[in-house]
Amino acid sequence: MSDKERNNSVGPVLRAGEVAEAVLEALREDNPDKDFVIEDQVSYIRIETEGECVIRRETMSRAMGRPFAMAELEINLTSFSGRIETTDDQMRFYLQRTL
Amino acid sequence: MALLDRHEWYDIARDTNWTPGYVSREELFPPELSDPYGIPVEEWETFDEPYKVSYREYVKIQREKDSSAYSVKAALSRSKFHDEAGEGWASVLKLHYGSVALTEYQACQFQARMVRFGPSPSMRNMATFGMLDELRHAQLQLFFPHELVHRDRQYDWAHEAAHTNNWAVVGGRHAFDDIMMCRDAITGTLMVSFAFETGLTNLQMIGLSTDAANVGDFTFANLITSIQSDEARHAQLGTPSIEIMVRNGRKKEAQQILDIAFWRMWRLFSITVGIPMDYYIPLEQRHLSFKEFMYEWVNRQYVRQVEDIGLERPWYWDEFLDDIENHHHCQQGGIWSWRPTVWWNPPGAVSPEERQWLEEKYPGWNASYGTYWDVITDNLLAGREEKTHPECLPIICNMCQIPISNRPGEPWKARVLQHEHEGRRYNFCTEPCRWIFTTDPDRYKDHESIVDRLYSGEIQPPTLDGVLAYMGIGVVSEGGHDGADYSWIEGFRAQAAE
């Protein structure tokens with residue numbers, strides 16, 4: 001476990017369900033050069049990558065098959081690694097210092 | 001009608017920092033309630049909340065969250081789940097609701113203090129949503145257990161606990177009064193929004209949901225994760241506050257504030273979450289150990305966030321790592337032994353199979369904690385149940401208000417740390433608890449622990465029944481008994497017979 005304490009992991013923790021699946025799809029599409037590590041903890045899914053990632057509203061709408069407002073993500077976003085930045089068009093997870 | 005995008009109007013709508021004309025700014029925002037660190041108002045005006053929401057969005061989203069939580073409850077309320085879930089899971093729920101429900105109202109009052117006295121307009125705006133969030137949490141967590149009161153009076157502690165002097169409640173009250181009820185807006189937001197809500201609440205509200213889903217309590221799993229989705233947003237009050245303090249030469253103070261609050265909350269959470277995860281959840285439904293959840297949420301996620309805003313892990317980190325391996329095991333032994341004093345029915349939960357799981361997750365458990373339970377198991381097998389109840393009072397820590405204990409074995413590491421102040425001797429369980437006292441003795445010096453109250457004559461009559469009644473036992477409901485009716489000793493009986 002201790003090797004994971006020094007990390008640069010960022011990303012959402014979501015309630016398991018269709019929104020979590022759409023988020024994963026959107027993350028892969030919006031961050032093509034990133035690898036994502038997924039931890040399935042039954043009731044929640046932790047998705048992490050190195051340093052930075054974004055989820056864009058347009059991509060989420062496509063993944064959900066309906067118009068999606070970025071603020072809706074809050075219903076399923078129970079936590080996150082790193083820091084967050086929210087706008088109308090995207091949600092960004094990032095760190096300011098790299099270890 | 002076309003609506004403007006949020007970012008086109010958000011800053012103007014939020015920025016309500018008018019210049020007072022009839023009173024001074026000092027009178028409008030007294031430092032002792034607002035910002036005692038003397039940071040200029042222009043600095044606070046740079047506060048930019050990272051997780052934005054408009055009131056229109058807030059209402060829409062919260063309505064959806066509530067409608068989901070209540071409809072899952074309604075759909076499952078006719079299921080036979082609670083008839084079949086067993087006392088272990090019932091104890092998880094009783095402990096959770098009793099310790100959390102009315103604390104949410106306190107959190108609501110704390111958010112209201114930020115709404116009124118926060119030195120930054122963005123902070124006041126965001127805390128308004130936080131205040132409404134906490135109101136929702138209190139109401140949900142009073143309403144959900146209410147339907148269970150008719151089947152078991154112990155569920156009534158969801159509403160009653162905070163009105164009693166039960167020892168566990170006194171511990172929670174001391175800690176939350178300290179970090180939430182008696183702090184200015186800035187110190188409080190570092191303590192509550194950051195140390196508490198960014199760090200430890202994740203374990204109780206998300207980690208525990210995994211176990212709830214495995215047990216089949218989808219109502220509870222859905223409820224607590226819904227609550228934490230609010231916390232993830234309003235906890236973001238903490239980050240910009242810390243950054244402004246660090247930028248204005250208050251890094252040392254910010255670090256001390258986090259270190260105090262984190263330790264205080266950790267001591268409580270190792271009991272309210274650690275014991276349920278490693279003892280009350282039926283073995284076959286445990287997903288991860290408490291320690292594994294701690295490493296996921298705190299040692300990996302929270303500490304990384306602390307370091308990213310320019311602060312450090314607490315000075316007592318090594319002692320904290322040791323405490324992850326020990327404190328909740330000690331308190332499981334203590335709470336089980338003093339089971340008549342609590343409002344749930346703690347199972348011993350140390351059958352041969354459970355002990356094997358504990359040894360796997362906490363190597364060395366059998367050679368230490370196991371020896372404590374060996375004596376209890378032998379007494380129960382020999383029909384000497386009365387010998388499993390302690391005959392003397394514990395020594396209570398004058399900071400966390402929890403019985404002082406430590407890892408059993410050879411040598412048994414129990415010790416009391418003492419401190420003299422103005423002619424009174426105080427007992428502490430650990431260096432961080434003693435250190436917190438010394439950071440501000442005037443704040444803490446007059447409080448009396450439950451045992452102090454017994455010796456000082458406040459608790460009358462000073463008999464076992466008198467003490468129990470003082471703690472609400474036999475008043476709100478009956479106290480606890482072994483939640484598994486000692487069935488966990490049967491494996492040992494069979495082993496002995498072979």
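First the proteins, then the strands, lettered A, B, ... as listed; each starts at 1.
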Heavy atoms of other groups near L4(B) CG, more than 12 under 6.0 Å: yes

How long is the span from the CD atom in E72(A) to the NZ atom in K60(B), to the nearest 0.5 Å? 5.0 Å

So, taking the atom named CD in Q228(B) and the one named OG in S79(A), what distance separates them when rounded to the nearest 0.5 Å? 6.5 Å

What heavy-atom pair brings F80(A) and Q305(B) nearest, and what distance separates the two atoms? O-NE2, 3.2 Å

Gap between atom CD of E5(A) and atom CZ of R304(B) - 0.5 Å precision: 12.5 Å

Side chain from CB out, backbone as N, CA, C, O: work out which of these in H7(B) comes under 4.5 Å of a heavy atom of chain A, or both, or neither. both

So what's closer than 4.5 Å to chain A heavy atoms on I309(B): side chain, backbone, both or neither? both

Report yes or no: does S81(A) contribute a side-chain atom to a donor-acceptor pair with the main-chain N or O of Q301(B) at less than 3.5 Å? no

Out of N76(A), I75(A), D89(A), V10(A), which one racks up the most heavy-atom pairs below 4.5 Å with chain B? I75(A)

Can you tell which part of N8(A) gets under 4.5 Å to a heavy atom of chain B, answering side chain, backbone, both or neither? both

Heavy-atom count check: over 12 atoms from other residues, nucleotides or ligands less than 6.0 Å from R66(A) CZ? yes

Taking side chain as C-beta onward, heavy atoms only, is L77(A) less than 4.5 Å from Y51(B)? yes

Is the CD atom of E58(A) crowded by more than 12 outside heavy atoms at less than 6.0 Å? no

Is the shortest side-chain heavy-atom distance between R300(B) and N7(A) below 4.5 Å? yes

Any side-chain heavy atom of Q41(A) within less than 4.5 Å of one from I206(B)? no

Quick check: are there more than 12 heavy atoms from other residues, nucleotides or ligands sitting under 6.0 Å from OH of Y55(B)? no

Could you look at R313(B) and say if it's the side chain, the backbone, both or neither that has a heavy atom under 4.5 Å from chain A? side chain

Could you check which of N222(B), T239(B), D211(B), V303(B) has the highest count of heavy-atom pairs closer than 4.5 Å to chain A? N222(B)

Has T78(A) got a side-chain atom pairing as donor or acceptor with S226(B)'s backbone, closer than 3.5 angstrom? no

Quick check for you: among R46(A), E85(A), E74(A), which has the greatest number of heavy-atom pairs under 4.5 Å with chain B? E74(A)

Determine which residues belonging to residues 12-29 of chain A lie within contact range of chain B, meaning some heavy atom pair is under 4.5 Å apart, and list them by number or answer 'none'. V13(A), R15(A)

How about residues 90-99 of chain A versus chain B: which residues have heavy atoms under 4.5 Å apart? M91(A), L95(A), Q96(A), R97(A), T98(A), L99(A)

I'd like to know whether CZ of R247(B) has more than 12 heavy-atom contacts from other residues, nucleotides or ligands below 6.0 angstrom. yes

Does R6(B) reach the side chain of M70(A), with side-chain heavy atoms less than 4.5 Å apart? no

With a 4.5 Å cut-off on heavy-atom pairs, point out which of A221(B), S68(B), S229(B), A213(B) contacts chain A the most. S229(B)

Give, as side chain, backbone, both or neither, the part of N202(B) having an atom under 4.5 angstrom from any heavy atom of chain A. side chain

Which region of T87(A), side chain (C-beta onward) or backbone (N, CA, C, O), has a non-hydrogen atom less than 4.5 Å from a non-hydrogen atom of chain B, or is it both or neither? backbone

Shorter than 4.5 Å, heavy atoms on both sides: which option in E243(B), E231(B), Q62(B) has the most such pairs with chain A? E243(B)

Of all of E296(B), E64(B), E49(B), which one pairs up most often with chain A through heavy atoms under 4.5 Å apart? E296(B)

